[in-house]
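One structure is given below, encoded as structure tokens.
Here the structure is a predicted model, which means the values were calculated and not measured.
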Amino acid sequence: MDRHQAMTTFVTVVETAGFASAARKLKVSPSVISRVMAELEAHLGVRLLTRTTRVVKVTDAGAAYFEDCRRILGEIDAAELAVGGANATPRGQLTVTAPALFGRLHVMPVVQDYLARYPSVNVNCWFLDRIVNLVDDGADVAIRIGELPDSTLQAVPVGKVRRLLCASPAYLKKHGTPREPAELAAHTTIQMTSHSGAPEWRFLSAGKTYPVAIQPRLVTTTNDSAIVAALAGVGIARVLSYQVTDELAAGALRIVLAEHELTPLPVQVVHREGKHPNQKVRAFLDLAIDQLRARAPIWQR
């Protein structure tokens, strides 16, 4: 039995909470995971996991062994990084995910630079307006906008984005500029949403947030289409600052109710590799963090 493989398999099963998800992450069949776990438990003479048709749970003995395995594997990775040092060449397949528009505008330039620097790495870009689960879906790095729930993922802040209300000069000239959020009831609004329910926009006053109900005349599931409609003078749209940087700079859109904006949202580079990521991930993180922080003044203003 390969102990390193067995420990890696066991840690992956626990972290992903299942044999099938561990198999996807390790790129093997579920039968391989089952065989390795059976051999490990037989070797140790103790039950590490309890399995049902729906869930996999770690036993008390398994929980203690999991912590030891994770520490040992981390030390092995750190030792390999130390001995490889700067001479280790990133190679393999890297998967990066980000919101669609942010990915196209700000992450793709990083990816292009990365590919030019490291010819032995191939990159998959998943630019999607949904949260990709790094563990279950097998992504290596994510750029996330917004507060993150507590998790074992590592996150590095690179900037912030504002939540803006904006409209075209033509619309504001025709319908007037709202001075208070309550005045939105008299305006045409554009809602970007992927779910149903009573639409509302939230605002900030005296350090507290409060909702304002809206009756959107246009509801769309993509940021691009909401921005196109706002540019055409359809109404007032709520967007993130990075989505309309050029339009604001050109005067094609104007910000309204800026004094009632919510607190800016953090932009963070997230990964699941712990303190000692492998070379291909480490190289991308270093590049992405530096370049996104340098670009932040463009998309957070």
To the nearest 0.5 Å, what is the distance between [atom1] ([X]) and [atom2] ([Y])?
X	Y	atom1	atom2	answer
Ser205	His260	OG	NE2	7.0 Å
Lys25	Thr8	NZ	OG1	10.0 Å
Leu262	Tyr210	CG	OH	9.5 Å
Arg70	Met7	CZ	CE	14.0 Å
Thr221	Met192	OG1	CE	8.0 Å
Arg3	Cys69	CZ	SG	11.0 Å

Asp60, CG: over 12 other non-hydrogen atoms inside 6.0 angstrom: no
CZ/Arg202: more than 12 non-hydrogen atoms of other groups inside 6.0 Å: yes
Within 45° cone and under 6.0 Å: Arg238 NZ/CZ vs Phe203 ring: yes
Which heavy atom of [X] sits nearest a heavy atom of [Y], and at what distance?
X	Y	answer
Gly235	Ala167	O-CB, 3.8 Å
Leu101	Arg104	CD1-NH2, 2.9 Å
Pro90	Ser120	O-CB, 3.5 Å
Gly176	His187	O-CE1, 3.0 Å
Thr245	Ser241	OG1-O, 3.2 Å
Leu115	Val121	CD2-O, 3.6 Å

Tell me whether [X] contacts the main-chain N or O of [Y] through its side chain, where contact means a donor paired with an acceptor under 3.5 Å.
X	Y	answer
Lys280	Gln93	yes
Thr59	Arg47	yes
Ser21	Thr16	yes
Glu41	Leu49	yes
Thr220	Ala226	no
Asp140	Thr95	yes
Thr12	Ala22	no

Could you tell me whether the side chain of [Y] reaches within less than 4.5 Å of the side chain of [X], counting heavy atoms only?
X	Y	result
Val13	Arg51	no
Leu184	Leu165	yes
Gln279	Arg91	no
Leu248	Ile255	yes
Gln291	Asp113	yes
Pro266	Pro157	no
Leu257	Pro181	yes
Val267	Leu292	no

Ser34-Ser31 side chain donor-acceptor pair, cut-off 3.5 Å: no
Donor-acceptor side-chain pairing of Gln191 and Trp201 below 3.5 angstrom: yes
Whether Trp299 and His106 hold their rings parallel, tilted or perpendicular, with breakpoints at 30° and 60°: tilted
Parallel, tilted or perpendicular, as decided by the 30° and 60° cut-offs, for the rings of Phe284 and Tyr114: perpendicular
Going hydrophobic residue to hydrophobic residue with side-chain gaps under 4.5 angstrom, can you get from [X] over to [Y]?
X	Y	value
Val256	Val234	no
Phe66	Val56	yes
Met37	Val28	yes
Val228	Ile236	no
Ile145	Met108	yes

Basic-acidic side-chain contact under 4.0 Å: Arg163, Glu261: no
Cationic N near anionic O, under 4.0 Å, Arg71 to Glu67: no
Side chain to side chain contact (heavy atoms under 4.5 Å, CB included) evaluation trace for Leu240 with Arg162: CA-CA 6 Å; Leu240 298 178; Arg162 295 166 60 192; over 6 Å; no
Worked verdict on Tyr171 versus Leu231 for side chain to side chain contact (heavy atoms under 4.5 Å, CB included): CA-CA 9 Å; Tyr171 174 88; Leu231 288 167; over 6 Å; no
Working for side chain to side chain contact (heavy atoms under 4.5 Å, CB included), residues Val96 and Asn124: CA-CA 6 Å; Val96 180; Asn124 284 334; over 6 Å; no
Audit row: Glu183, Arg179, salt bridge (charged side-chain N to carboxylate O under 4.0 Å, His left out) steps and yes/no: CA-CA 7 Å; Glu183 296 177 21; Arg179 304 299 177 186; over 6 Å; no
Check against side chain to side chain contact (heavy atoms under 4.5 Å, CB included), Gln268 and Ile143: CA-CA 6 Å; Gln268 303 178 82; Ile143 287 76; over 6 Å; no
